[in-house]
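Just so you know, ligand 1 is whichever comes first in the structure, and atom 1 is the first atom listed for that ligand.
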Amino acid sequence: MLVAGCSSSGADSTSEDRVSVVATTNVVGDLVRQVGGDAVALTTLMGPGIDPHQYNASEGDVQRMAGADMVVYNGLHLEGKMVDLFPEMDRRGISTTALAEASVPDSLRIGSTEYASAYDPHVWFDVSLWRRAALHLGDALADLDPDHATAYRERAADYAARLDSLDTYAREQIATIPETQRVLVTSHDAFRYLGAAYDIEVRGLQGISTDSEAGTADVQALAGFIAERQIPTIFAETSVSERGLQAVQEAVRSRGFEVQLGNALYGDALGDAGTPTGTYIGAVRHNIDTIVEGLTDSDSAAPTTARR
Ligand code: ZN
């Protein structure tokens with residue numbers, strides 16, 4: 001797989017003094033952009049709407065990683081079908097950084113409900129944990145590219161300060177939801193860190209991975225929970241099919257209760273680059289605002305299905 005590719009004439013001279021970094025998800029890629037700035041030539045493998053649990057690296061992806069100075073990924077098995085590639089890159093002498101594994105100690109991780117001795121990988125929904133990831137990445141880039149070490153660490157510190165504000169915003173906004181209505185139901189169990197950090201109960205139709213489809217029993221159990229708790233809105237995710245939650249909505253209806261399908265949340269993928277939700281901060285704000293709106297206006301005559 002190393003034969004074909006980028007030899008010969010067309011070498012890009014402008015990128016020569018920049019370090020090349022390949023990021024897996026666009027959540028990870030956004031952090032590299034924030035901390036690396038212009039000193040980094042960034043390639044992000046997974047775009048908007050891509051489910052990292054199911055993502056298989058293409059031949060081209062492997063070549064891009066093999067040609068990079070550093071590969072940055074989330075880890076904790078988020079990129080479940082790529083796990084063998086990262087040690088392979090290590091063996092080839094490419095620097096690799098697993099943000100969640102490296103920056104979030106065991107004591108702050110949430111255990112997996114499905115896989116014994118594994119952890120929930122979705123650490124970025126606790127903004128204070130993503131702040132750790134930012135500072136860690138600043139150090140990792142400084143080690144990789146000592147000429148720009150000060151700039152990386154400064155950018156990481158500046159970004160960490162912005163995350164502090166975001167953390168406060170999330171905490172204050174979620175707290176405005178009446179406590180009995182503070183229940184977040186989503187397509188898959190991606191939001192347990194958000195739940196733990198900001199005091200909101202969370203339920204996913206699918207587990208912490210999207211590997212297994214939800215069965216009829218899962219749909220009925222969740223529908224019963226929603227009807228019993230009179231939850232006004234449930235939330236799809238941009239990187240997971242909405243069909244499962246539509247089945248839940250139907251099952252809730254057959255129990256004589258109406259639940260809205262709210263605007264989709266950014267779960268494992270951010271929005272389009274160049275739009276507000278194409279950044280982590282923008283996507284988290286969107287999620288928080290969407291959750292607050294969906295769980296506080298149960299009396300209004302909102303349509304049954306809101307558009308994304
Ligand atoms: Zn996920």
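Judged by distance alone, the side chain of Asn74 and the main-chain N or O of Thr25 form no donor-acceptor pair under 3.5 Å.
The Zn ion (ligand 1) does not have Asp51 among its coordinating residues (no N/O/S atom, backbone or side chain, under 2.8 Å).
Note: angle at the Zn ion (ligand 1), from NE2 of His53 to NE2 of His122, is 110° (rounded to 10 degrees).
The closest side-chain heavy-atom distance from Met46 to Met82 is below 4.5 Å. Side-chain contact check for Met89 versus Val62: some heavy-atom pair is nearer than 4.5 Å.
The aromatic rings of Tyr73 and Phe86 lie parallel to each other, with less than 30° between the two planes, well short of the 60° mark.
Distances from the Zn ion (ligand 1) to the N/O/S atoms of Asp268 are shortest for OD2.
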